[in-house]
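Chain A is the first sequence line, chain B the second, and so forth, proteins listed ahead of strands; every chain is numbered from 1. What you see is a predicted model, and the numbers here were worked out from it, not measured in a lab.
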There are 2 protein chains.
Amino acid sequence: MLGLRHLETLDAIREAGSLVEASERLHVTQSALSHQLRDIEGRLGVSLLNRRTRPVRFTVAGERLLALADQVLPLMRQGLRDIRALAEGQSGRLHLAIECHACFQWLMPALDVFREQWPQVELDLSAAFAFAPVPALLRGDLDMVVSSDPVEHEAVLWQPLFSHELVLAVSRNSSLAEREFVEPADLVEETLITYPVERDRLDIFTAFLQPANIEPAAQRKTELTPMMIQLVAAGRGVAALPNWAISEYLDHGLIRSLSLGERGVWRTLYIGIRAEEAEVPYLKEFIQTARQQSMAGLEGIRGA
Amino acid sequence: MLGLRHLETLDAIREAGSLVEASERLHVTQSALSHQLRDIEGRLGVSLLNRRTRPVRFTVAGERLLALADQVLPLMRQGLRDIRALAEGQSGRLHLAIECHACFQWLMPALDVFREQWPQVELDLSAAFAFAPVPALLRGDLDMVVSSDPVEHEAVLWQPLFSHELVLAVSRNSSLAEREFVEPADLVEETLITYPVERDRLDIFTAFLQPANIEPAAQRKTELTPMMIQLVAAGRGVAALPNWAISEYLDHGLIRSLSLGERGVWRTLYIGIRAEEAEVPYLKEFIQTARQQSMAGLEGIRGA
DNA sequence: ATCCCAACATGAGATAATCTCACCTTATAA
DNA sequence: TTATAAGGTGAGATTATCTCATGTTGGGAT
């Protein structure tokens, strides 16, 4: 009934002082404004302005609508500006989940870089161990997932980040310490230390032990990679970790690492986003930053 | 482009949780909302909400528009309420001008009554001696005029208030004091005391002296009716005034009053408003109040 | 697995809102 | 009085929006 157009018209008439000039500013005919005023005055049942004076004179009702226009139009303009910024990717949302515990290592610096470059993007971080990432992406709970298990879906775009070898960390005193690689059967006597997630999401099981139908002697869980390393070093068990995640501990000589099987178990980490957002600038740039940071972390690691 | 309808739609969808229920609330089909969203998302270049969740989930852009709706819609609603009040005559404007100096006498109580009954009406008062009231009415400078000289105009509605006699106030010691009436020629030796306005607006000239081509010996001007009375009582001149304006002074015996000519000069006071506003409730009521107050002021006056 | 249901999307045509065009009326000044 | 500038108005064109009929999709039940 009373629309923004009417407020804009009244505003223009006030600025212009006449229907003719206002119509020029609004790029419509004077007739359009005349009809518009007639309509709205009829609907509201009040006269809004006296067209016979120069400049035109607003009635009390007209003044009230002008006051309304002064309140509403700037809000609308600002709102549209904000939406435009969102549309152009100046601002937006990046809710990121990682399915990979050790990834924090290179993720943190990447996040720091990103936050500085895209301050308007709302950044949020969660672990994706308890839920399936693809539905969460499609649902809009997440905008990006880091995973080594890219579940194919037409609406999800997976982009490889880097490849790494999953290695077995053992104590330097372990009987396995001098081996080049281990076979699944070598673990029947060992305690396996893992992150506390379901078995199906642990590559050591899915890619190494289960195919050989081998079960480790025991399983122990911890969230923290350094704690895992300490337990391994203390001879309390063995752990399967990405090679880059343990490189600094190898350098200290605390532990040793072996390939899983003769050819090793290799994994690739992927970043997944909604396919429709493939061109969102800050997402593209985040992926690039993530690649750089993770590559930097890989430098000098054997086999990487 | 982005209209209030879109904001209302988004608001309804948020409240309802789904397009289907929102469409019911808005009394349109679900299809309409779907098209509407599609259009606006296309125009803005952003997705506003994810329809696949239950309830639907808004994107960052959608949330921004909802925030906009929360700001704008209440303002619009309040604005419309105010306009409705204006339209129904609950509130409005009454800029009143009087062409009649002595009228303040009964006008003041009328204004007091009115202010109490119509507190939302913006009341303003001015004297209409220096300008023509009809153009001012039509221009919107004024909303009501009290005048004894109703200039006919199709867009102006004049309503009679009351009639009174214009009488000549003279000193009780004047040589005219015992006369029933005066002739124009009787004033050639007198000083005429008037309000300080142009001659054409003084009935004593237009209706009495000028037709007889008579000029008083002198003219003296003052704004204040009581001062006029004092000057008359002191024998410094004579003054033409409405009978009701001097009734209390007659009672005190300070002065005497004579008719102007054998039949007297009678005037009628009119209230003029724009014809289009004839039905505005507070104007109608003001006129009624004015009539009552002026009638009350006339009570017990001879010849009234 | 497959079917069903509820919800949303889509295309075409109907409807309504809004504009333009052409011409008329009114106020003001030369 | 006559120009002239500003507004008003009716009819028809345009554009926006809606409805109707139907298609698609995701999730749960059989």
Under 4.0 Å from any atom of DNA chain D, heavy atoms only: list the residues of residues 27-41 of chain B that qualify, in numerical order.
-> Val28(B), Thr29(B), Ser31(B), Ala32(B), His35(B), Gln36(B)

Report yes if the side chains of Gln219(A) and Arg199(A) come closer than 4.5 Å at any heavy-atom pair, otherwise no.
-> yes

Do Leu26(A) and Thr9(A) come close enough that some side-chain heavy atom pair is under 4.5 Å?
-> yes

Distance, nearest 0.5 Å, that separates CD1 of Ile40(A) from CG of Leu10(A) | 8.5 Å

Rounded to the nearest Å, what distance is computed from the CD atom of residue Glu24(B) to the C1' atom of nucleotide dA7(C)?
-> 12 Å

Where each residue is assigned the nucleotide of DNA chain C containing its nearest heavy atom, which of Glu154(B) and Val20(B) is assigned the position nearer the 5′ end?
-> Val20(B)

Find the distance His153(B):NE2 to dT26(C):C1' and express it as a whole number of Å.
-> 11 Å

Report yes if a side-chain nitrogen or oxygen of Arg5(A) is closer than 4.0 Å to either non-bridging phosphate oxygen (OP1 or OP2) of dT18(C); otherwise report no.
-> no

Is any side-chain heavy atom of Ser147(B) less than 4.5 Å from a side-chain heavy atom of Leu269(B)?
-> no

Does the Trp158(B) side chain pair with the main chain of Val151(B), one donor and one acceptor, at a distance under 3.5 Å?
-> yes

Opening and closing nucleotides of DNA chain D in contact with chain B, under 4.0 Å to non-hydrogen atoms = dT17(D) to dG26(D)

Return yes if a side-chain donor-acceptor contact under 3.5 Å exists between Gln78(B) and Arg81(B), otherwise no.
-> yes

Passes side-chain hydrogen bond (donor to acceptor under 3.5 Å, both in side chains), Ser163(A) versus Thr268(A)? Steps please.
-> CA-CA 4 Å; Ser163(A) 294; Thr268(A) 300; 2.8 Å; yes

So do Arg274(A) and Leu157(A) actually touch side chain to side chain, heavy atoms under 4.5 Å?
-> no

Distance, rounded to the nearest Å, where Arg54(A) contributes CZ and dA27(C) contributes C1' | 8 Å

